[in-house]
Amino acid sequence: MKTTTKNATTKSTATRTASKKATASAAAKKATAKTTTPKSMVKAKSSAADGLRELFEDGLKDLYWAEKALTKALPKMAKNATTPELVKAIESHLKETEEHIDRLEQVFKSIGKKAVAKKCDAMDGLIKEGESIMEETEIGVVRDAGIIAASQKVEHYEIASYGTLYAFATTLGEKEAADLLATTLQEEKDCDVKLTEIALASINVDAADEE
Ligand SMILES: [Fe+2]
Ligand SMILES: [Fe+2]
């Protein structure tokens with residue numbers, strides 16, 4: 001009996017020692033990570049986000065810039081499209097995009113922050129790619145097919161961004177923001193489906209016949 005108690009005491013002391021060692025090792029690792037950054041690791045800027053809330057706010061700023069840029073890019077795409085259904089779909093999504101901007105402003109308001117836009121390099125690149133596609137195609141169904149391709153890349157970027165921000169808002173307990181983001185997310189998905197339908201209905205087949 002005495003031996004069992006002694007063994008239990010020894011075990012308990014050993015567990016505490018192991019636990020202390022693990023804590024010390026974790027602290028040492030953290031300290032090392034702060035002071036030395038391996039070459040393969042991207043060094044964080046002094047303004048880097050240090051929590052999910054900050055990452056969420058950065059994402060909102062990025063998307064606010066992206067939506068604003070789209071209100072300038074979409075009219076050009078509509079003017080370059082010739083298939084009536086495509087022109088109508090782009091014009092109708094332009095109206096939705098203006099609502100997306102208003103909705104993002106409501107999201108900022110709901111979390112007590114001022115709406116600020118921060119340049120989104122990805123959207124900037126996607127819009128530039130859309131312009132290149134228009135330059136590289138003759139006006140007509142081939143250009144229309146190119147406009148759909150470029151637009152769907154934009155929609156997929158928006159779907160990924162709104163999906164992520166919705167998940168962040170949910171985790172952070174920002175219910176109003178999450179609901180607003182979910183509404184826009186659905187509109188982006190609907191637009192993507194619509195563009196696929198238009199492409200498959202005739203544009204892609206007609207474009208394939210062009211030489
Ligand atoms: Fe949008
Ligand atoms: Fe969109």
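Every number for a ligand or one of its atoms is a count from 1 in the order of the listing. Heads up: numbering here begins at 1 and tracks the sequence.
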Name of the H100 atom (N/O/S only) found closest to the Fe ion (ligand 1):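 Answer by atom name: ND1.
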
Nearest atoms (heavy-atom pairs only) where S47 meets E54: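 Scanning both residues, the minimum pair turns out to be O-OE2, 4.0 Å.
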
The Fe ion (ligand 1) contact by [X], N, O or S atom under 2.8 Å:
X	value
E67	yes
E187	no
H93	no

Full working for side chain to side chain contact (heavy atoms under 4.5 Å, CB included) between R103 and E187: CA-CA 12 Å; R103 221 172 269 142; E187 287 179 2; 3.4 Å; yes

Contact check, side chains of I111 and F56, non-hydrogen atoms, under 4.5 Å: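 Yes, their side chains come closer than 4.5 Å.
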
Donor-acceptor side-chain pairing of E155 and H93 below 3.5 angstrom: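 Side-chain D/A pair, E155 to H93: present.
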
Donor on one side chain, acceptor on other, Q106 and D102, under 3.5 Å: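 Looking only at side-chain atoms, D102 and Q106 do not form any donor-acceptor pair under 3.5 Å.
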
Angle in degrees, rounded to 10°, that OE2 of E188 and OE2 of E158 form at the Fe ion (ligand 1):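 The two atoms form an angle at the metal of about 90°.
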
